[in-house]
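For reference, the structure discussed in these notes is given below.
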2 protein chains.
Amino acid sequence: MARRTTKAPPSPSNDLDARKATILQAVVVEHIDTAQPVGSSAVAASADLQVSPATVRSEMVALEREGYLAQPHTSAGRVPTDKGYRFFVDHLKAGVLGAAQQQQVREFFAGVRGEVEDVLEQTSTLLSELTSYTSVVVGPSHAHTTILSVQLVNLDPRHHLLVAVFSDGSVVKHSVTPTFEATHVEVTEASRQLNALLIGTTLESRVQVPSRHDHVAALVRESVSVLHAEQPTLDGEQVFIGGSSKVAQVFDGVETVRRVLSILEQELLVVSLVQDILDQGLSVAIGSEHGFEPLSACAVIVAPVTVDGLPAGAVGLLGPTRMKYREALAAAEVVSAHLTRHFGGEDDRG
Amino acid sequence: MARRTTKAPPSPSNDLDARKATILQAVVVEHIDTAQPVGSSAVAASADLQVSPATVRSEMVALEREGYLAQPHTSAGRVPTDKGYRFFVDHLKAGVLGAAQQQQVREFFAGVRGEVEDVLEQTSTLLSELTSYTSVVVGPSHAHTTILSVQLVNLDPRHHLLVAVFSDGSVVKHSVTPTFEATHVEVTEASRQLNALLIGTTLESRVQVPSRHDHVAALVRESVSVLHAEQPTLDGEQVFIGGSSKVAQVFDGVETVRRVLSILEQELLVVSLVQDILDQGLSVAIGSEHGFEPLSACAVIVAPVTVDGLPAGAVGLLGPTRMKYREALAAAEVVSAHLTRHFGGEDDRG
DNA sequence: GTTGGCACTCGGTAGAATTGACTGCTAACA
DNA sequence: TGTTAGCAGTCAATTCTACCGAGTGCCAAC
């Protein structure tokens, strides 16, 4: 993909000449592998460019000046910066999953059964086992799906349960607690009217609620408003986080671990993070790129899941900036593709 | 309470003479506070018994011989064993929550709204914030509640959704995927029959399913079996874990943190752990007492939640064996009492 | 532009010495 | 008999030192 010519880069700072690129990549690879600063001689030995460590050194000072590398202290090797990782990832040729792992994914999707939620949850476990990073699976929002059925159920005279079923198979429930006591007959009638009113609509549709002052109309009004109230918040998004214990293995420093875990606890935050990255059109967000200070030590990989060509959730991986991008990207892509297929045609052979 | 007489203790090993008890308690308190082994002079200074360190020492060798204390190495102080903590906890006088925290709990329960799940989830966050330990809130199983409504909804000709509403306000859904294509009319009719069949029953009830060979009967049979299949597994239990990030603060050693987190990921395991402890009639399980090897560094506090006098879930706290038992026990009890009240009478003033 | 050589920097480590917080023991004492 | 002071012994933790070595920057030569 990337050119190997030596002529001066057309775009000023975004591209490096071939040798610098090779050196940078060697540093990244080595550092991902060893977690140690990488010295000039290690690079000279590993990369296939036939130059001496001294030459590598002078290239490295340039790379450092341009912001791709950094030095922990004077007498240490170099470590990639976020920008360095970014270059590396942008010039990464697509990796493929190991045969055993591919097999594992195939078997998983061949055997998986059950409700959407269960599939997503198990997928997040799968993804985290494949990569040994923490995984995030975001399910489709049901904002654009239509309502198939609504029902108001009497729990006690002042407490009713509104249960709505959507065309994507999701179910939501809400309490409806009017200020008056409703009879069984009234609740049943309200339920009937809600069905007539809402079936086929989406949560975004405006519907004509009855304005009468009787109990039934009041029940209908409250039900509709409680149901539509769900829309503005991100609530109702389904998030499944798998392998949060990996955080303890993969990051060092108690404080970092604690911080990352405490972010993962706030699922809404995680959803919006993944959404942000997708909206930026990225598949990897490194360090500060996602503008999320507490996760500045992390890289996040995302891959969208689509149903009928429309976005319907995503899978993600969260690791340290020195994560194994090749493998992790491959895993995320393979799993998201399988998920897409799984939800696209109910029948999945693959 | 305990005698000061010098005659041999009536119950052989379960009780200690007053001075030993005081010394043991001083060691536990100190060690919980400092996380360090406690020496004889520290005990002599802190406890109000007017004896010299030498005397304390000779008592300590006895306590060690009897298994209440242990010595990390020869020239170190003493550390409580699980048995030592057990004695401490058994002789703990009930603590009360700090005023600020009591206020926080009151405000929380005064303001909390929404579905049961939401309340439980927020409660788990509350509990973990109160104590800075990881909290577990187990919701009621709906095994004993009755079915209020069942509905079969057509997603597509071969894929239907069974939605059941229970008297405790919980909703479950299951896919029903017959091998034949069912018409809309057939699904509606099956839904009607299911209602007639199941309303008022529990998941444990035996019901008479139709044995005819038509589509409707097949739908009914499959729906009933799929619904009842839920029973044997613990699945459907609701668990909410709050403050898992505390694990990183409270335990030391990456490996311990990882192990605990990975247990917490398996929610079924957590439920059965809490259930076990409750079944043993304990409110605290220390170290190996719960017989759960990976959590041998942990203590677990549980407090049952009841509705109408029947067990309906529990709240729990998970911390290191050297946790602040007084405060944690108080918090768990206060919160479980509030929860009980919250679910008991819908109206909670307190 | 590339290279070998060289002086310099500085974190990490290994070993020795020291400290100090403990203990267990013993002999004297009330 | 229980309690105490005194004392020798143990051992983890700390501090210090020296030193090693990986790695750099610079420079002169090619």
Side-chain angles (χ1 to χ4, degrees), chain A residues 5-9 16-24 26-28 30-31 33-66 68-81 252-253, chain B residues 3-9 16-24 26-27 30-31 33-66 68-81 84 252-253:
Chain A
T5 58
T6 47
K7 95 178 142 185
L16 296 168
D17 73 70
R19 197 168 66 184
K20 282 203 183 62
T22 311
I23 291 175
L24 175 53
V27 171
V28 173
E30 187 77 7
H31 182 255
D33 198 42
T34 63
Q36 300 290 328
V38 183
S40 55
S41 49
V43 172
S46 87
D48 52 357
L49 28 78
Q50 298 298 336
V51 292
S52 75
T55 311
V56 174
R57 277 206 286 282
S58 65
E59 295 286 52
M60 276 169 132
V61 297
L63 283 167
E64 183 168 3
R65 194 173 43 235
E66 292 170 49
Y68 293 96
L69 293 178
Q71 227 177 344
H73 57 86
T74 327
S75 73
R78 300 304 207 292
V79 159
T81 60
D252 26 33
Chain B
R3 314 269 172 67
R4 269 213 176 236
T5 58
T6 47
K7 93 178 142 183
L16 297 169
D17 73 71
R19 198 170 66 182
K20 282 204 183 61
T22 311
I23 291 175
L24 175 53
V27 171
E30 186 77 7
H31 182 255
D33 197 44
T34 64
Q36 300 290 327
V38 184
S40 54
S41 48
V43 172
S46 86
D48 53 356
L49 28 79
Q50 299 297 336
V51 290
S52 76
T55 311
V56 174
R57 279 206 284 282
S58 66
E59 295 285 53
M60 277 169 133
V61 297
L63 283 167
E64 181 169 3
R65 194 174 44 238
E66 292 170 49
Y68 293 96
L69 293 178
Q71 226 178 346
H73 57 87
T74 325
S75 73
R78 301 305 210 289
V79 158
T81 61
D252 28 33

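Worth saying up front: this structure is predicted, and the values here are computed from it rather than measured. Lettering of chains follows the sequences in order, A, B, ..., and the numbering in each one begins at 1.
- Looking at which nucleotide of DNA chain D each of B/E59 and B/H73 is closest to, the 5′-most match is held by B/E59.
- Taking both residues in full, the closest heavy atoms of A/S52 and A/A44 are given as C-CB, 4.3 Å, listed atom of the first, atom of the second, then distance.
- Rounding to whole angstrom units, CG of residue A/L69 and P of D/dG23 are separated by 14 Å.
- Within the helix from C/dG1-D/dC30 to C/dA30-D/dT1, the inter-axis angle between the opening and closing five-pair segments is 20°, rounded to 10°.
- The shortest distance between the side-chain N/O atoms of A/T55 and the OP1/OP2 oxygens of C/dT3 is below 4.0 Å.
- A/E66 has its side chain within reach of A/K20: a pair of non-hydrogen atoms, C-beta onward, lies under 4.5 Å apart.
- With a 4.5 Å cut-off on side-chain heavy atoms, A/V27 and A/M60 count as touching.
- Judged by distance alone, with hydrogens and angles left aside, the side-chain atoms of A/Q71 form a donor-acceptor pair with the main-chain N or O of A/A76 at under 3.5 Å.
- When all heavy atoms of A/L49 and A/R19 are compared, the pair lying nearest together is CD2-CG, 3.4 Å.
- Of all heavy-atom pairs spanning A/A21 and A/L16, the tightest one is N-CB, 4.2 Å.
- In this entry the distance linking NZ of B/K20 with C1' of D/dG2 reads 12 Å, nearest Å.
- Residue B/V79 comes nearest to B/P37 through the heavy atom pair CG2-CA, 3.8 Å, listed as atom of the first residue, atom of the second, then distance.
- Residue contacts for B/Q50: at a heavy-atom cut-off of 4.0 Å it reaches the sugar-phosphate backbone alone, with no base atom in range.
- For the pair A/L24 and A/L69, the minimum side-chain heavy-atom distance is below 4.5 Å.
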For nucleotides 16-20 of chain D, give me every protein contact, N/O to N/O, under 3.5 Å, one pair per line with atom names.
none

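- Taking every heavy atom of both residues into account, A/V61 and A/S58 meet most closely at CG2-O, 2.9 Å.
- At least one side-chain heavy atom of A/V43 sits less than 4.5 Å from a side-chain heavy atom of A/V38.
- Taking each heavy atom of A/A26 and A/S46 in turn, the nearest pair found is CB-OG, 3.9 Å.
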**OP:** Classify every nucleotide of nucleotides 22-30 of chain C by which part a protein heavy atom approaches to under 4.0 Å, writing B for the base, S for the sugar-phosphate alone and - for neither, in 5'-to-3' order.
**Re:** BBB------

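- Rounding to whole angstrom units, CZ of residue B/R19 and P of D/dT4 are separated by 8 Å.
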